[in-house]
There are 2 protein chains.
Amino acid sequence: MDSELTHSAQDYLEAIFLLADRQGLTRVKEVADRLDVKKPSVVSAIKALQKKGLVVHQHYGCLELTSEGEELAKDIHRRHQVLFRFLHHILGVKAETAETDACRLEHHISPQTLALLIKFVEFTETYPERDKTPKWLDSFQRFAATGEAPPCLDRASGECRCK
Amino acid sequence: MDSELTHSAQDYLEAIFLLADRQGLTRVKEVADRLDVKKPSVVSAIKALQKKGLVVHQHYGCLELTSEGEELAKDIHRRHQVLFRFLHHILGVKAETAETDACRLEHHISPQTLALLIKFVEFTETYPERDKTPKWLDSFQRFAATGEAPPCLDRASGECRCK
DNA sequence: GAAAAAAGTTAGCCCTGGGTAACTTAATTG
DNA sequence: CAATTAAGTTACCCAGGGCTAACTTTTTTC
């Protein structure tokens, strides 16, 4: 059993996971629309996932993840979410762009980088206070938006004026 | 003239740029070794770059970027560098991994994200003082390395203890 | 300067992952 | 329940981008 998933296989897996209704079912058409590909592309991608035992699909019927497929999909989605939060909440990339970038980046990131990115997102979301934007991030966002030096800093000396 | 460069074309362009000696010349072999591909792959990639007027290459001879090719290569490399600095200096990804990740990520990032990432790197490298690690980054790096809450923060309250 | 080694090239293969056209099955509706 | 429409499928095709094997040219070296 070839356990390696291609990039596109991961996209399909994640999409099926996200589209599943309460009964865990979705449809070829849904997947095609979501990923912006044509139905035959979905069908052939699903054949591959089926062969690996990650998806169940009877002819002309619904799609369903196996439990193994669901585990993988959750993992893929977790990665995706971290990237999205980093891009959108920290860098300030607009939601739509962050979404598509996250989608493309998630396949090209090493485990080490992912782990550190998770820590980075966790760090900024947790300190100094949960769900409160840290001062430095606030400074950065102002800087990014206006090009202004951080408000509590003197540009010339680089010294903090608000000790 | 098809002006769009494929991902791999960008890699080749950047590699040629970085390998060029003082006379701006390099060799198929060099490129192949650097990108970890075989020579025939280089040859066919170069044919495409040649057709777009980005590279000059005579049979059995040296490779050289045209000025247009060099402009593009510099731009590609700038992107690469920003990513590397973000990954290595900010997140703390080890240099080797940061290098390969940067190489892979650079093709999958939107202009908006790149622009913000540049600002982010610039911000952390400039404030509060040029080339001095900001306090928050220091906190993050300790947190990433040890899992400890930032030293100047009380984890329970989230309040800063060192006002 | 001839023989060996290294570099470059060509031809042809393979896999990924998209697409269209044409067909079949299922669902909807008058 | 027959006709229409929508969904799913199949059989192709195409481009990107790598590879190997075999050949040619250039460079080295004895």
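Every chain is numbered from 1 and lettered A, B, ... according to where its sequence line falls, protein lines coming before strand lines. Every value quoted in this text rests on a predicted model; they were computed, and no experiment measured them. Atom set for the values below is all heavy atoms of this structure, side chains included, hydrogens, waters and symmetry mates excluded.
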Does any donor atom in the side chain of B:D101 or A:S110 lie under 3.5 Å from an acceptor atom in the other side chain? yes

I need the CD1-P distance between B:I46 and C:dA7, as an integer number of Å. 15 Å

Rounded to whole Å, please give me the gap between CD in B:Q58 and P in C:dG8. 12 Å

Side chain to side chain donor-acceptor pair (under 3.5 Å) partners for B:E14, two or more places apart: B:H80

Drop me the distance from B:T124's OG1 to A:F143's CZ, to the nearest 0.5 angstrom. 10.0 Å

Give a yes or no on whether B:D36 atom CG has more than 12 heavy-atom contacts from other residues, nucleotides or ligands under 6.0 Å away. no

What are the residues of residues 13-22 of chain A, sorted by number, that bring a heavy atom to within less than 4.0 Å of DNA chain C? none

Using side chain to side chain donor-acceptor pair (under 3.5 Å) as the criterion, list what pairs up with B:K29, not counting sequence neighbours. B:D33

To the nearest angstrom, the NZ-P distance between B:K51 and D:dA15 comes to 12 Å

Separation between CD (A:Q10) and CG (A:L49), nearest 0.5 Å, reads 10.0 Å

Looking at A:E96, I'd like to know if its CD atom is crowded, meaning that more than 12 non-hydrogen atoms belonging to other residues, nucleotides or ligands lie closer than 6.0 Å. no

Using the side chain to side chain donor-acceptor pair (under 3.5 Å) criterion, which residues pair with A:R27? Sequence neighbours excluded. none

Working to the nearest 0.5 Å, report the span between OG1 of B:T100 and CD of A:Q112. 9.5 Å

Rounding to a whole Å, what distance do you find between A:L25:CG and D:dA7:P? 17 Å

Could you state the interatomic distance from OG1 (A:T26) to CG (A:L18), rounded to the nearest 0.5 Å? 10.0 Å

Report the distance from atom NZ of A:K29 to atom P of C:dT24, rounded to the nearest whole Å. 22 Å

Straight-line distance of A:I46 CD1 to A:K39 NZ, nearest 0.5 Å: 12.5 Å

State whether B:K47 places a side-chain N or O below 4.0 Å from either non-bridging phosphate oxygen (OP1 or OP2) of C:dT10. yes

Once Watson-Crick and G-U wobble pairs under 3.5 Å are found, how is DNA chain C written in dot-bracket notation, 5' to 3', with | for any base paired to another strand? ||||||||||||||||||||||||||||||

Output one letter per nucleotide in nucleotides 17-27 of chain D: B when a protein non-hydrogen atom lies under 4.0 Å from the base, S when only the sugar-phosphate is that close, - when neither is. SSBBB--BSS-

